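Not measured: the values here are computed from a predicted model. First listed ligand is number 1; within each ligand, the first listed atom is number 1.
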Amino acid sequence: MLQPITRAFLALLLLGSAASLPSYSQKSPQSLLILNAQIADGTGAPLYSANVRTLGGRIVAIGKLGPEPGEATLDAKGLVLAPGFIDIHNHSEQTLPKDLAAETQVSQGITTLIVGADGESPWPLASWFHQMQDHPAAVNVGSFAGHATIRQQVMDNDFKRAATPQEIRLMEERMRQEMNAGALGLSSGLEYEVGSYATTDEVVALAKIAAASGGVYMTHIRDEADKSFEALQEEIAIGERAHIPVEHSHIKLGTVNVQGKAGEYIGIIESARKRGVDFLADCYPYDAWHSNLKVVVPDKQYENPKSVSAALESYGGGSHITITEFSPNKTYPGHTIAELAKANSLSETDMYIRLIREGDAAHTEALIIGQSMIESDIKAFYQQPWVMVASDGGVNSEHPRGAGTFPRVLGLYVREKHWLTLPAAIRKMTSLPAQRLGWKDRGAIRIGAFADLVLFDPATVMDRSTFADPTALSTGIEKVFVNGVMVWDSGKPTGTRPGTVIGRKGAVLGLAGKTGAAELSHNAPTGGVL
Ligand SMILES: [Zn+2]
């Protein structure tokens, strides 16, 4: 599928015409006609050639169209036009309001980012939504309601135990409130401190509230290491008991003992899907994760040498864990636990315990990158039609996935490794997340859909972010449009902020007013549909 386009693009390069793409005037209220692109429509269908007209923020025509008198045109010969990418697992709730241009996201072709993942969400969501409506970003946003956030609202700092029935009732009320504000569903992070003390029943109770108003259950499961299989079974049980669609966050097998078992893991998911569980997953294209130091030791015996040493071994040793942030000692970041142990003449286990103690004393915890996944598992996951692409990063994130995820899949996994066809990869970035969220008018190139679009060069698209330089911008993403407005133009942000806040069923929140509970509204497609 890629070959003809690549050849066409190389021919274009030789002619020098790629540099002379006419630029589209942002001020024009007129329609825009994108000419000569290869269309990856988001459904997974083969690429096809067509011209696409946008008007009033929507796609209004597709086909053999000629420009109307005075109409703005954009010659996209040699480029692929795809729906804008929807990043269903993004951690920009705090960073996006401070950096509305979201360059590290827009430069990847992301046009919508979903926050509130892993059990943590802005509180209350209505305030965050209002903030994003009053000060829109370059990208659209939506949010899940976080289980840990709600749990802490009810239990405060007394969360290291199972909740009482009365506390669960209070959590249900808060969950209802967040769904009314426009949450996309419930997210959980059952491997993390606050969420980990919850019983399955507690999570089911909140998932039922989300299900009652058409929400989704999105989860960082209880264990992504040695007990990955038990955690997966719990996740499936929650989906079945609450009758709710499930989104498995950043699917992975993260320790030596479970590496290479993707086939078995996929088999369990496949049989759940056959039983009718609406189970989808997302995956980031890296063999290293980014988290907190304490997730390494699953039994929470952070100062017990036996537990710590077994845990470090399960990740392949302290050389696989790098400190990225640690405020009590600025000399640690950039080094592995093995390196720090050696420098301090300690065993790796004792070095880990020292990091815990120094962190606890300063009421903080080291952030770490752990390298413990293997490529064959990542490949097996990505080749499942129910696995989508998501970054698990955010604006200016410390893991390269924040700035590189989508171009990396297109450049490395599609063009270089041939794991996926280009249309299949685009589907995983567009219509599949849209399907998960229940959004019908985004994630596809079709008449009436919102004009969230990305134009990229399939011959050059590639990530450039690395662990040493995690915010380096990718190459090959030429133009990005959000709601019909260009936000990225040949390597630079345009400065426009057309992003909206999106809720369940793709409703644009707050259009009818900005007070009280978010109001839901649908824009009818505008302009002449040809
Ligand atoms: Zn997570």
Visitor: With sequence neighbours excluded, tell me which residues meet side-chain contact (heavy atoms from CB on, under 4.5 Å) with Ser188.
Guide: His147, Leu190, Tyr217, Thr219
Visitor: Please name all residues satisfying side-chain contact (heavy atoms from CB on, under 4.5 Å) with Arg273, sequence neighbours left out, ordered by chain then number.
Guide: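 For Arg273 the side-chain contact (heavy atoms from CB on, under 4.5 Å) partners, ignoring immediate neighbours, are Ile269, Glu270, Phe279, Leu280, Trp386.
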Visitor: Quick one: list whatever passes side-chain contact (heavy atoms from CB on, under 4.5 Å) with Asn292, sequence neighbours left out.
Guide: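 Checked Asn292 against side-chain contact (heavy atoms from CB on, under 4.5 Å); matches are Tyr192, Glu365, Leu367.
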Visitor: Would you check if there is a donor-acceptor pair between the side chains of His399 and Asp392 at a distance under 3.5 Å?
Guide: no
Visitor: Show, in sequence, the C-alpha distance, side-chain angles and deciding distance for Asp201 and Thr199, and conclude whether the side chain to side chain donor-acceptor pair (under 3.5 Å) test is met.
Guide: CA-CA 5 Å; Asp201 287 350; Thr199 61; 5.2 Å; no
Visitor: Where is the tightest heavy-atom contact between Gly334 and Thr322, given as atom of each residue plus distance?
Guide: C-CG2, 3.9 Å
Visitor: Let's test this: below 2.8 Å, count the protein N/O/S atoms around the Zn ion (ligand 1).
Guide: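 Considering protein N, O and S only, the Zn ion (ligand 1) has 4 within range.
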